[in-house]
Amino acid sequence: MFKIFSTSIFALLITCMSTMAQTIEPEIASLYERHWEIQSGIYRVMQDGKVGIVHANGQIIVPCEYNQVWNLDDNGFFRVLKSGKAGIFHISGQIIIPAEYDQVWPFNNDLAKVLKQGKLGYFNKQGEQVVPCEYQQIWAFDNDRARVLKGGKIGYIDQYGHEVIPCEYQQIWTFEDGKARILKDGKVGYIDYYGNEVIPPMYTHIWVFEDGKAKALLEGQMVWIDETGQPLDIPVPPSEYQEPSSTKVTTKGDSEKEVVIEDDKGNKTHIKILGGDIVINEKGNDTYIEIGARERERNRYRNRRFKGHYTGVEFGFNNYVTYDNSTSLPPADSYMELNAGKSNTWAINALQWSIGLDRRGNIGLVTGLGIEWNNYHFSNPIILAKDADGNITYEDATRPLDKNKLVTTHLNVPLLMEFQIPTHRYRNSFYFSAGGIGGMRINSYNRIIYDDNEEPHKQKKKSSYNIQKFRYGAMVRMGYRAINLYGTYYFSTLFEENKGPELYPVSVGLSIYLDI
């Protein structure tokens with residue numbers, strides 16, 4: 001309690017001081033490379049390429065040791081980024097969430113969700129981790145409880161992180177009248193609001209309760225049960241156990257085939273068939289009649305020949321986004337800003353393999369091999385370079401530039417699930433595919449063209465520029481016949497970790513499908 005009280009008093013003092021001095025003092029500004037006012041009397045500053053937060057009078061709120069510091073929210077909290085890890089500070093200078101998480105979400109209902117090594121948790125505004133990072137998914141809180149997934153099993157936690165319902169169920173349906181249906185080890189039951197099993201999970205299925213009772217399937221037998229799961233001595237209506245009537249099926253005729261179906265009462269149905277084969281399969285009480293079976297087998301074989309849409313040529317525009325999916329780069333990385341209209345990509349997809357997944361041939365997997373060139377045109381007159389530690393930096397151009405771009409070349413391998421409509425002619429179908437894509441960098445260089453008459457007029461500087469050797473991401477494609485649109489988003493950064501700005505490549509464009 002004292003910690004919260006002292007933090008609030010300190011924040012109040014900071015606010016009062018900000019009303020007295022709104023402009024950063026010159027001697028304070030001279031200590032930093034750059035400064036930006038983000039709130040009255042509060043400044044984002046840069047020192048040695050790192051960002052921090054100070055008051056106009058020089059009092060340090062956040063030291064200059066972060067790659068990025070975002071704007072304050074309405075409650076005085078702001079996110080920070082350090083070596084690819086996120087955290088949260090308070091305007092008082094208190095570290096609420098240390099910068100060691102893969103992702104941090106803004107506060108909602110006094111709680112902030114965090115992600116660490118693929119697992120989710122929660123912090124409160126006092127900097128206490130109320131929910132440890134051990135859940136694969138946490139749904140939104142409702143009435144101070146949230147549905148969670150841990151180890152592939154469902155449960156519930158309260159706002160303090162306690163598991164009020166243990167994570168041991170395959171499914172928990174919505175609570176109604178204080179009870180929820182559950183699935184555990186393939187069996188159905190019910191729990192109450194506190195997680196007590198009011199009906200043990202022992203039934204294959206339970207129908208809806210009416211007037212305090214419901215039908216249930218127990219070991220293949222239909223029974224009535226009450227709201228505690230106890231069997232009731234009520235007979236199940238005979239209609240539930242009606243056996244199918246016996247049916248006699250015969251065929252006759254040579255040139256003109258006929259199927260005769262006769263039930264146990266002697267009623268007959270005659271079906272005449274002009275040509276083709278008739279195949280009758282009997283399994284238990286069920287009878288299956290196949291007409292023209294050989295022809296259908298041939299058609300079925302033809303229909304299974306799924307063929308996807310990947311080979312061809314592509315042209316589009318590429319860019320990159322920051323950790324929070326913004327195209328506006330942080331101040332420390334502003335030298336990497338692009339001329340989006342000139343930053344383009346093109347590719348040749350030369351090989352394709354298709355794997356059908358259904359007998360109709362409209363669903364399947366598509367993979368292949370392509371080569372892609374990405375052109376990143378810089379909007380600033382800079383030349384990429386490396387500092388003494390081998391990290392990406394830049395040099396100001398000493399001559400006017402006409403063009404300045406970073407070019408990368410990758411070998412790409414996608415793995416896409418494709419759906420086609422209609423199903424009988426893939427060449428005339430609308431299709432949609434989505435999945436993953438991986439690539440290997442085989443070349444990269446910085447191409448510079450000067451806008452003067454001095455020599456050299458053009459320069460091509462080959463280097464890896466700390467660009468990732470391998471990349472991976474997601475791809476979506478959709479189209480009709482030979483024309484389709486595509487989009488890619490890479491989960492891997494453009495540069496190696498801590499050796500360049502944290503930027504994630506994206507691209508959109510048009511693809512022309514060629515049936516090679």
Side-chain angles (χ1 to χ4, degrees), residues 305-321 338-356 361-378 403 405-422 425-447 449 460 462 467-492 494 503-516:
R305 295 181 59 187
F306 167 83
K307 191 167 187 179
H309 299 77
Y310 177 69
T311 50
V313 294
E314 298 176 353
F315 177 82
F317 296 93
N318 53 210
N319 208 319
Y320 33 63
V321 297
L338 297 178
N339 184 331
K342 293 184 178 180
S343 297
N344 54 63
T345 176
W346 63 285
I348 299 175
N349 302 324
L351 299 176
Q352 172 183 301
W353 293 272
S354 302
I355 304 172
N362 65 318
I363 303 175
L365 295 176
V366 183
T367 185
L369 182 65
I371 184 169
E372 180 181 11
W373 291 265
N374 295 101
N375 297 277
Y376 300 98
H377 279 257
F378 299 118
K403 290 183 180 179
K405 64 179 180 179
L406 174 65
V407 181
T408 64
T409 308
H410 286 81
L411 284 177
N412 290 335
V413 177
L415 180 59
L416 307 171
M417 174 78 80
E418 182 171 310
F419 302 86
Q420 300 175 357
I421 303 173
R425 289 185 181 181
Y426 79 89
R427 288 185 180 86
N428 296 329
S429 62
F430 169 82
Y431 46 90
F432 172 84
S433 60
I437 183 171
M440 180 180 72
R441 177 178 53 81
I442 58 176
N443 192 22
S444 57
Y445 58 88
N446 187 195
R447 183 175 179 81
I449 300 178
K460 182 178 180 181
K462 285 191 174 184
I467 297 173
Q468 299 269 20
K469 183 66 175 178
F470 298 96
R471 64 181 185 180
Y472 63 93
M475 169 176 276
V476 176
R477 305 171 71 91
M478 62 183 297
Y480 179 73
R481 294 190 176 182
I483 305 298
N484 70 75
L485 304 175
Y486 74 90
T488 59
Y489 177 93
Y490 285 95
F491 305 124
S492 54
L494 178 63
L503 303 173
Y504 299 84
V506 295
S507 62
V508 294
L510 180 71
S511 176
I512 300 177
Y513 170 68
L514 301 176
D515 191 359
I516 300 176

Could you check whether any side-chain heavy atom of [X] comes within less than 4.5 Å of a side-chain heavy atom of [Y], counting everything from C-beta outward?
X	Y	result
Met478	Phe430	yes
Phe315	Val313	no
Arg477	Tyr310	yes
His309	Val366	no
Ile363	Phe306	no
Thr345	Thr488	no

Looking only at heavy atoms, which two atoms of [X] and [Y] are closest? And how far apart?
X	Y	value
Asn319	Tyr376	O-CE2, 4.0 Å
Pro414	Gly368	CD-O, 3.5 Å
Met475	Ile437	CE-CD1, 3.7 Å
Tyr490	Asn412	OH-OD1, 4.2 Å
Tyr486	Leu510	CE2-N, 3.6 Å

Atom CD1 of residue position Ile512 - does it have more than 12 heavy atoms of other residues, nucleotides or ligands inside 6.0 Å?
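No - once you tally the heavy atoms of other residues, nucleotides and ligands closer than 6.0 Å, there are 12 at most.
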
Going through the checks in order, is the side-chain contact (heavy atoms from CB on, under 4.5 Å) test met by Asn375 and His377?
CA-CA 6 Å; Asn375 297 277; His377 279 257; 4.2 Å; yes

Would you call the rings of Trp373 and Trp346 parallel, tilted or perpendicular if under 30° counts as parallel and over 60° as perpendicular?
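Plane angle under 30°, so parallel.
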
Positive for side chain to side chain contact (heavy atoms under 4.5 Å, CB included) with [X], one of [options]:
X	options	result
Met440	Lys469, Gln468, His410, Arg471	Lys469
Thr367	Leu415, Leu416, Leu351	Leu415
Tyr504	Phe491, Tyr320, Tyr489	Tyr489

I'd like to know if the side chain of [X] and the backbone of [Y] have a donor-acceptor N/O pair within less than 3.5 Å.
X	Y	answer
Glu314	Ala347	no
Ser354	Gly308	yes
Gln420	Lys307	yes

Working for side-chain contact (heavy atoms from CB on, under 4.5 Å), residues Val508 and Leu485
CA-CA 8 Å; Val508 294; Leu485 304 175; over 6 Å; no

Mind checking the [atom1]-[atom2] spacing from [X] to [Y]? Nearest 0.5 Å is all I need.
X	Y	atom1	atom2	value
Leu494	Thr408	CG	OG1	7.0 Å
Tyr513	Thr311	OH	OG1	4.5 Å
Ile421	Tyr480	CD1	OH	12.0 Å
Asn446	Lys460	CG	NZ	11.5 Å
Glu372	Asn349	CD	CG	8.5 Å
Lys403	Lys342	NZ	NZ	7.0 Å

Between Ser343 and Asn318, is any side-chain donor less than 3.5 angstrom from a side-chain acceptor?
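No, no side-chain donor-acceptor pair sits under 3.5 Å.
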
Worked verdict on Asn443 versus Lys462 for side-chain contact (heavy atoms from CB on, under 4.5 Å):
CA-CA 8 Å; Asn443 192 22; Lys462 285 191 174 184; 4.3 Å; yes

Walk me through it: do Asn374 and Val407 pass the test side-chain contact (heavy atoms from CB on, under 4.5 Å)?
CA-CA 6 Å; Asn374 295 101; Val407 181; over 6 Å; no

